[in-house]
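See structure below.
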Amino acid sequence: MYKLIKTEGRAKRAEFTTVHGTVQTPVFMNVGTVAAIKGAVSTEDLKQLGCQIQLSNTYHLHVRPGDEVVKKLGGLHKFMVWDRPILTDSGGFQVFSLASLRKIKEEGVYFNSHVDGRKIFMGPEQSMQIQSNLASTIAMAFDECPSSLADREYVQQSVDRTTRWLIRCKDEMERLNSLEDTINKEQMLFGINQGAIFPDIRIEHAKRISELDLPGYSIGGLAVGEPNEVMYDILDRVVPHLPQNKPTYLMGVGTPKDILEGVERGVDFFDCVYPSRNGRHGHLYTNHGTVRLLNAQYELDDSPIEEGCDCPACRHYSRAYIRHLLKAKEMLGMRLCVMHNLYFYNKLMEEIRDAIDNGCFASYKKEKLEKISEQ
RNA sequence: GUGGGUAUGGCGCAGUUGGCUAGCGCGCCAGAUUGUGGCUCUGGAGGCCGUGGGUUCGAGUCCCACUAUCCACC
């Protein structure tokens, strides 16, 4: 259930209530693809880092350990010891990003596993079944994410198929939620808007999927190579055509700047691999721009990653020490960097929520952008 | 001491029958990365080819001496 608390322009401050608790939005979902945040960050750590909701992946968990296994062990929440909401991505994007060998047909997609190369078939029904087995809080629709370079004709045809797939997802989820042995009978389905960089196709699609009255909607297929301005422009045009009394989720985005721009345009949910993946490689986010900790200038730097930061890394350790750990490929180095970045992202969202609450998001955004673009 | 091998950027190596501005991996320096394959990619710096002679139009490549180092034998 989505409850709007306050708005400023198009920016929305709301809370989203689920069977696994309430999420304050705008929110950043911490990405734990295989039911774990890479970098040895535990669910206990995540709570300390201010994480409200995690994201895991249907495709990855289907391949390993297998959604049936997770189901037998009581579902994802019990399995990974996390009692807050979990959103599972449908696997649609992996078909686009991982599978070099794939065949997209009306019934679904045939492709090869990235782990052992075996043939896998996934369609709307399979994706829903897997996500139902995982028993996540929110399941994403199985969609196709066409390349931002795809031509108009292909995109239109792909989007039409994604719509048909969405209807199949909805039917299948309703069926699964009514079954006796389903773990989470309140599982929610979010639809996904596609249309590459063609605003009219996206708007038309947004209208069509809005009619299905799903509990939330997302915008997919952005930040996949097109210029940032194009993404912002599409958000400007498409978000108003999605239901305003439901959460809007911008998939896979993004940088702190992208998030500020997204919130301004009415986005509630974000997720991105940046804080964790970049953290693992020593690329750290601070209020004074990004710090590339592997750069030689930090060899003798005895200060924390960010002065005044209250994260577990900054409270105790110096840049020089963490840099050394990364160079030595010690797990602790990655762990501290990932924790700092997740803390930064979650803190950023908290500040954004406070700013909207206080009616000063516009000025907050301006100041924040100036700060984080320092270098 | 004798015989044999090896000496090429920080490290490990390629360098064809002598032929244009000497390559490669790792490391180093810098940059990318947007619904995660603990990756990957893109640039860059760095070498009087152990030293000294010689042969040749031309030598990292051939010859001589020296030095260093490794192996075997005494």
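What you see below is based on every heavy atom in this structure, not just the backbone, and it leaves out hydrogens, waters and symmetry mates. Throughout, protein chains are lettered first and strands after them, A, B, ... in sequence-line order, and every chain is numbered starting at 1.
- For the C1' atom pair drawn from B:C26 and B:G18, the interatomic distance equals 31 Å after rounding to whole Å.
- Aromatic ring pairs are classed by plane angle as parallel below 30°, tilted from 30° to 60° and perpendicular above 60°; the pair A:Phe16 and A:Phe190 is perpendicular.
- Nucleotide B:A68 forms a pair with B:U6, judged by Watson-Crick or G-U wobble geometry with both contacts under 3.5 Å.
- Heavy atoms of A:Asp258 sit under 4.0 angstrom from at least one base atom.
- The residue A:Asn30 sits apart from the nucleic acid: no heavy atom pair falls under 4.0 Å.
- Looking at heavy atoms from C-beta onward, A:Asp143 lies out of side-chain contact with A:Leu166 at the 4.5 angstrom threshold.
- To the nearest whole angstrom, the two C1' atoms, one in B:G60 and one in B:C20, are 15 Å apart.
- Across all strands, A:Ile192 comes closer than 4.0 Å to base atoms (heavy-atom distances).
- You'll find that the side chain of A:Asn57 is closest to B:G35, out of B:U34, B:G37, B:G35.
- A:Glu125 and A:Arg168 are joined by a salt bridge, as a carboxylate oxygen and a charged side-chain nitrogen come within less than 4.0 angstrom of each other.
- B:G4 sits 48 Å from B:G38 when the C1' atoms are compared, rounded to a whole Å.
- The side chain of A:Lys327 approaches B:C29 more closely than any other nucleotide in the set B:U34, B:G37, B:C29.
- Side-chain N/O atoms of A:Asn295 include one lying less than 4.0 angstrom from OP1 or OP2 on B:G31.
- With B:U34, B:C29, B:G37 as the choices, the nucleotide that has an atom nearest any side-chain atom of A:Arg323 turns out to be B:C29.
- Within 4.0 Å of A:Gly221, counting heavy atoms only, lies at least one base atom of the nucleic acid.
- Using the Watson-Crick or G-U wobble rule with both distances under 3.5 Å, B:G47 pairs with nothing in any strand shown.
- Residue contacts shown for A:Met231 are absent, as no nucleic acid heavy atom lies under 4.0 Å away.
- Residue A:His281 has its side chain nearest to B:C39 when only B:U34, B:G35, B:C39 are considered.
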